[in-house]
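Numbered from 1 within each chain, the chains take letters A, B, ... in sequence-line order.
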Amino acid sequence: MAEPVRRTPALRRLAARLGGAVFVLWAVATLTFFAVRLIPGDPAEAILGGPGSQASAEALASVRAEYGLDQPILVQYLAQLGRLAGGDLGRSYALKLDVGPLVLSQLGGTLVLAGLALALAWLIALALATWSTRGGRIAARVGSGLEIVAASLPHFWLATALIVLFSIWLGVLPPISTPGPAGLVLPVLTLALPLAGFLGQIIREPLLTALESPFVLSALARGESARGVRWNHAIRHAAIPAISLSGWAFGSLISGAVVVETVFARPGLGRTLLNAVTVRDVPVVIGVVMVVAVAYILMTLLTDAATRIADPRTRAR
Amino acid sequence: GCTAEPDAPATGKPVVGGTLTYASGDAEPDCLDPHVGGNYPQALTGTQFLESLVSRDTTGTIIPWLASEWSESDDGLAWEFTLRDDVYFSDGSPFDAAAVQANIAHLQDPATGSSTGYLALQKVTGTEAVSATVVRLTLAEPDSALLESLSQPWLAMESPEGLARGMEENCAAPVGTGPFVIKDWVKQDAITFVRNDTYDSPPADAGHEGPAYLEKIVWRFIPESASRYAALQAGEVDVIDNAQPDTIVQADKGDSIQHLDAPRPGAANRIELNSGTGPFTDPKVREAFIRSANVDDGVASLFQGTAKRSSSALSSAEALGVSRPKLFEYDPKAAGKLLDSAGWSETDADGYRTRDGKRLTVRFPVSTNQSIPAEQSLFEQIQATAKETGFDVKITPMDLSSWYGALGSGDYDAVSAPYTKVGPDVLRILYHSDGITPAPSGYFANHAQVNDPTLDELLTEAGRESDAGKRKALYTEAQDRILEGFYVLPLYDQQNHYLLGADVEGARALPTVSTPTFYDAWLSR
Amino acid sequence: MSDLELQAELGLGARRQGATRRPRRIAVAEGLAGAVALFLVLSAVMPQLVAPGDPLAIDPLQAFQPPSLPHWFGTDESGRDLYTRVVHGTGNSLLIGVLATTIGLGLGVLLGTLAGMLGGFVDFTVNRVLEVLFAFPGLLLALLVILIYGPGVATATIAVGLSTAPGYARIIRAQLVQVRSSAFVEAATVQGLTPRRILARHILPNTLAPLLVLATLGVGQAIVWATALSYLGLGAQPPAAEWGAMLSAGRTYITSAWWMSFFPGLFIVLTAVTATTLGRAIERRMRHA
Amino acid sequence: MSAHPVTPAAGPAGPPALRVRNLSVGFGRSGADPVVSGISFEVAAGECLAIVGESGSGKSVTARTLLGLAGADARVQADEMSIAGASVLALSEASWRRRRGRDVGLVLQDALSSLDPLRPVGREIADSLRLHTTLAPAERSSRVLELLDSVGLPDGELRSRQRSGELSGGQRQRALIASAIALDPPLLIADEPTTALDVTVQAQILELLERIKRRGTALILISHDLAVVSRIADRVAVMSNGRIVETGPTHEVLGRPRHAETRAMVAAVPAGKPRGTLLAAPRAAGPAAPATAAAAAAAAAASAATSAATATPRPARAAAPDIGPAIVLEATGLTKGFRMPGGTRLLAVDDVSFRLERGTTLGIVGESGSGKTTTARLVLALSAPDHGEVRVLGRPWSSVSEQDRRPLRTSVGAIYQDALGSFDPRLSVRDILRHAVALDGPRRPDTGRPALFGAHNGEAQARVAELLDRVRLSPALLDRRPLELSGGQRQRVGIARALASRPQILVCDEPVSALDVGVQAQVLDLLDELQRELALSLLFISHDLGVVQHVSDRVAVMNEGRIVEQADAPSFFASPTHPYTRRLLSAVPRLP
Ligand SMILES: Nc1ncnc2c1ncn2[C@@H]1O[C@H](COP(=O)(O)OP(=O)(O)OP(=O)(O)O)[C@@H](O)[C@H]1O
Ligand SMILES: Nc1ncnc2c1ncn2[C@@H]1O[C@H](COP(=O)(O)OP(=O)(O)OP(=O)(O)O)[C@@H](O)[C@H]1O
Ligand SMILES: [Mg+2]
Ligand SMILES: [Mg+2]
Ligand code: NI
């Protein structure tokens, strides 16, 4: 029966969203702050070049004073929050750089990588799903088999396999990231393939359901072609759940980027994070975590918007 | 093929210009000023744009560089260096006695946080500019290692004006006199060096004079060894370091990649046995462990001929090194007997020796940052062979901080730590009992916790002795004491293999700490 | 995204009306997956039966042997037989997968049930917590755990478990909310059942049954996850025969000894695929039952 | 049985719009029985042929086959199948595509989901034009507006931009018809175009179809609702089991049905049949033989009824046991509002009061969204009223806590429209009934709660068997799960469950609207019988006036949350007072 469309005032929704985002950021900052306190090792030592350096007791003390590490933990926490609120991510212990600019400079590369991977994954998933639902039973089996295998591939193994195949045997693509677009191909593929398998698995069921649904039959009865039915009707239905999962997928891409950036020697957040973690560079760890959280929140907003566009039914909610 | 021998003259006429891409498997330095801290990655990059007072040739002889000559006072407590008068830092300021003073002051300033350079200058108490081109160093006691120390990149000369900018700026782009200048450093990605067009102060053993041939060096950090090699194969990079044994063998087989083998000086790679606490306080147990480890087969299989088994405390690059292969032969039977006589005579259900119901456990923390995979595999093999004798070796891979933590708290029975230094004086750092007391940060160098007054005396004496013959005798005796005390299990030289594309000509490793220099290098493409 | 969507996306609880397409017989893929699963379980429980050798026995002179009759999968850099190691590593890897999934599911059930049952403030709070956890990419969470507790199998397992928990929690919560508001629960109220009995007899069984499927799917993913940690040097420690560690060791020699990374990788993919296939099969059966 | 070719009684010269001879359609393996076997018929321009028949008899498959959409795994055979004189038997997919929508339009059975919920309906309608004409987009849009207007959807500008989810069922149905007639196809097939709609909307659609027919379009109307058919069809073909068993002019077939199948169908229509008339033919009365004397009598009466195809009164009702108050359920001033996302309040139930007397049935009718279900939920205390009160058996019900209500719960049973959803999908029929029986069984002395697992004892099993027998279900079904039952069987299990606690009041919310007429007849008969025997009081909610008329003693009409008229059934149907009621009643199609 007809449900009247009701729209929440856009402003209120925006405010709620913003409030949620601020909460998540605060919680992420708090959690990270206390979690890194649990990490064994003296931050003052990290600042002085790690435990391998023969830092004197005086040097340690002066560094502690300089970075406020001698304050009670609550004071440090509040100070940290204050800095974060002011957009100041602090200073890297190891790199002796401001974290904000550092992380921002690394962000671009990772965003490009993750964004392209997401797009490519979508393309592959859609192509595979449409191809395998058009063909017969065998194509469907092959398609879903490919998806399962792709989704089970560990990133670094896939990366190695791709390097061996494309760089060493075929010699067509550089095995490390280079400034040009060629250097992006393998890293993006590495991230995209497992994700494509995952998305494909999600797309397949609703695609089949949509293809069997009455509105498709009625489109056919109007004289629509099989192809038209697929692209004008079914794909959109199939894509909706996967779109809303893309926000989550983005998070997993960031995780994947840690591995991929290491393997392909790409500068980026993942590598920065891994380095920072190994040398206990607390400000950088927090900085990366915060930036990733912001990116995740933005991504969720984006996927929500995309879902709204793709599925007008959700607007009523 | 193995064509680029360190001093093989380049064939053909050098081409000027071009960009060489270098892929480093070492960690990206936090600070490009090798005075700060002082580790090998800093030496690698520092070699490209900084120069030292002296250098060393392949025979181990100290040769002139920024200092054209030097002399030691009779009592060994003063050294005078005569500096070249035609050298300028790349910021335009002159290199002179005052600059040397500033550098030494910088190294000795605790605020700099120098570790390697600071240690090397421990005996230096003062500097004096005798003239603009003559600088005098005064020492607390004679130091036979002074020239060797000064030849190291960690004691390279930087522009005083540069130093005056403060640590942060100087770390990002130290100013030196070298053949290249830092143009740009994109963290986590690459450093770009460009040619210093006014350069003309190569060390005495360089292949040519005047500016370098190469226009530019792009210095990338590629931690993955497989990626690094693949990049070299694909021609994306021209030089890689930290090459894996299997790739070296492959490269040696074909023609498309050249191999440059330049073992690091200083200590050999070795496992040090903690004689201070735990089972290894007993020399018999130490010997038993050493006898129980089949290192020869492991080195042969893992390194596939790219590394030789060492039986010395020092690198084969050190002329004064002493080898005692007999002491380190694999002999599980003898090992078993030794354990019996040391009281570890029982065997538990798992095949491990026990004494008073306690298992013979060897705690062995391994730093994943410092040990290449092949080395970690070798440790596993030692673990496996030692098990046959009854040792329960517990290998624990750790990241660097945890590893230092484990050392600092003494939670180890065996450990492997590289130490690179020019000259045999490294023995004093590693085995003098002074090295047992940790610095406030917990760091100490005497991991074997050797506490032998006789050895201490020998090492101190050798450090003062300037007579070559006597010095050699003292070091030989000291090494014998160390080796015969079974404090260390030598494995092989610290590996330093570079692989170069076929079109890279004239690259060589500096015979100081074996870092590569591209001053003479050019690209034949 | 709403929770219901999330769950629909994962194909859970989707009881399509009038869906009578019952799987007719065991599909070939499912049969194969069953056989592989049997082999894997046998390898995990009684490795000696499947591969009688010693996975730690070195033989440096036999290092880097390509696959051959005596060494089916070749040998590694220390001359250890890779087939033996892969088989003996099954237990370790499966254990990581199963334990991590158990931890993730356990936590997920706890959080999800709290949120779904108590509703109101608890639901709100738990949901916010989950949102926050989602904002941490999984690997990051794992890295933090490992930093705090040091690397190793146990930590890797806990780390992977923790990082999968929020996903599970959301699914469980969604399932609970859906079941709780379903018509049959209302019907039970009308019949006069007490809330506690409704919970025990209708809500919990219908919520938790789909977890079995989730679990099988999760095991494969957890193993892949743990591999990534091993690769970063944060997982199982040598010389333990764990697939991830073997894989990451093999990667070093990829240009000269492909088999060192191929076979452990193959087993990881095989396990994940098997678990996924079985999980889907169970799910399909449950949906049509 | 032979095929009964259908020929137009009279029609213009030239080839018929559609001619089908000896059409068979089968699915799957070639050995399987065809779903449609050897049917023949034709339709002329301006004529309406109705295809009627029970659910699953092959009506929709026939319709789809006429557009070449039987499906990939369908085997279609025929001696002839021609549209406007041209054979369409061996058309390629491409030629089919050119014809679909242009030469023949199809209005699908699933009207509510036959429009893509993600696309504006204007686009859906314009698609037909896009695919078959060279009209420019602007021309298409103006044509869409015309079409919307012609199907009775004013405000085309707005409507064409809405998506199907934003339209009511009737609006959707009309939009769907608009998309099917966009190119004025000479042949239109409408598959159950009114099933899901309430009477007022249904009337509008029928009017629309009539208009289209008058324009000269040949119309095939598929329906199982004979009343609908009688209003518009010129000729009727009755399908059963994939065959056409009877055919002829509408008034003949429905007025003097010859075939048993047709007779049963005609008899099952409740509208206009007085209370207490048996609707279902005995063969449809379930697998178990009638066990009680009353049932046997009913069966005998039923066979008599079918043979005569006229109403036959059934035995008088059991006298109401003389216990408790005469008013078993009383609602006073019930009000329930919902907060809408925009912040406004919607009064779904507004000051509703009624009383239910023991042993009688109160029917509540009203169109969709009028608040019927909400009222039922208030009565069942599944939600609390904002104002007003419900009393059960004279005791407070809505105003007390659930705990205090629980002892009284056994007195109030419920039957739901969606029987399937009301069962725990994991439980078998046996478990469902056993649990229900246990609730009514002995109570544990310690807690006073039902001794649940005492239900395994013989007594419980006997009661389960008795319940099954009551609702005429075979014990063979005991181990099935709800999903494995047919709609009628499910509804019977639902009734059995409701009876398990020996309730005095039964709240039925649309208990038969999901069922086809045959099954609906069985369920209505069963309820009627149970009411007689057990003196049940029924609150019967439905939007189907025919059904309500058949079952109710008293009727209440709801509109926008209010009860606008309440009266005894006979007077209500004879002389409705409220204008809304009159409109409602006039929209009901009736058999001639
Ligand atoms: N694609 C198909 N494959 C197999 N069997 C089918 C298919 N489509 C329909 N059937 C079967 O054909 C028979 C007739 O179905 P059809 O949809 O034509 O019934 P109907 O007369 O339209 O019934 P209703 O009144 O319920 O709509 C049913 O038994 C159905 O299960
Ligand atoms: N939980 C709810 N929240 C908000 N609105 C509701 C809720 N339940 C019902 N409504 C609204 O209350 C009105 C009456 O709904 P109700 O379900 O009682 O109608 P109905 O008469 O049963 O209709 P139908 O014949 O379609 O079943 C509708 O407009 C509906 O949208
Ligand atoms: Mg039908
Ligand atoms: Mg309703
Ligand atoms: Ni007949």
Side-chain angles (χ1 to χ4, degrees), chain C residues 2 4-5 7-9 11-25 117 119 175-213 282-289, chain D residues 28 110 113 376-377 379-383 402-403 405-428 431-433 435-440 447-450 452-453 480-487 494 497-498 500-501 503 505-507 509 514:
Chain C
S2 85
L4 284 178
E5 279 161 44
Q7 120 170 10
E9 279 140 26
L12 290 164
R15 200 172 293 109
R16 263 196 273 149
Q17 290 257 313
T20 45
R21 277 184 299 166
R22 216 171 220 283
R24 287 157 307 162
R25 62 205 150 85
M117 286 314 299
Q175 181 81 7
L176 253 177
V177 166
Q178 193 203 9
V179 170
R180 217 162 48 125
S181 61
S182 69
F184 65 82
V185 168
E186 285 196 343
T189 311
V190 168
Q191 275 182 283
L193 260 74
T194 56
R196 209 178 320 154
R197 184 146 289 152
I198 292 177
L199 182 67
R201 194 191 285 167
H202 297 293
I203 298 181
L204 285 185
N206 278 294
T207 308
L208 300 184
L211 289 188
L212 181 67
V213 180
I282 295 174
E283 183 210 329
R284 229 179 354 242
R285 259 149 239 275
M286 291 202 341
R287 197 195 297 175
H288 289 282
Chain D
D110 273 310
S113 49
R377 291 176 58 83
V379 168
L380 287 172
L382 283 173
S383 61
E402 179 65 32
Q403 209 169 349
R405 206 152 41 215
R406 209 164 290 130
L408 221 59
R409 279 271 184 207
T410 50
S411 314
V412 184
I415 306 174
Y416 310 88
Q417 170 170 10
D418 177 18
L420 182 60
S422 74
F423 298 126
D424 188 332
R426 294 173 316 107
L427 300 184
S428 64
D431 292 336
I432 291 168
L433 294 182
H435 288 162
V437 165
L439 279 171
D440 186 46
T447 57
R449 297 223 180 86
L452 179 70
F453 295 107
R480 295 222 199 146
R481 289 197 242 186
L483 259 172
E484 299 163 333
L485 299 176
S486 77
R497 174 177 64 181
S501 61
I505 305 164
L506 217 46
V507 177
D509 186 6

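- In terms of non-hydrogen atom pairs under 4.5 Å with chain D, the most contact-rich of C:Pro205, C:Pro195, C:Ala188 is C:Pro205.
- For the pair D:Ser422 and C:Ala187, the tightest heavy-atom approach, listed with the atom from each and the gap, is O-CB, 3.6 Å.
- Using a 4.5 Å cut-off between heavy atoms, C:Ser182 does not touch chain D at all.
- Taking CG from C:Asn206 and CG from D:Leu427, the interatomic distance works out to 7.5 Å, rounded to the nearest 0.5 Å.
- When all heavy atoms of C:Phe184 and D:Phe423 are compared, the closest pair comes out as CB-C, 3.4 Å.
- With a 4.5 Å cut-off on non-hydrogen atoms, D:Gln403 does not touch chain C at all.
- A heavy-atom distance below 4.5 Å is not found between the side chains of D:Arg409 and C:Leu193.
- Taking CD of C:Glu186 as the start and CZ of D:Arg377 as the end, the distance is 4.0 Å to the nearest 0.5 Å.
- Heavy atoms only, all atoms of each residue included: D:Arg426 and C:Arg201 are closest at NH2-O, 2.9 Å.
- At least one side-chain heavy atom of C:Val190 sits less than 4.5 Å from a side-chain heavy atom of D:Leu382.
- One distance of note links NE2 of D:His435 with CZ of C:Arg197; it measures 9.5 Å at 0.5 Å rounding.
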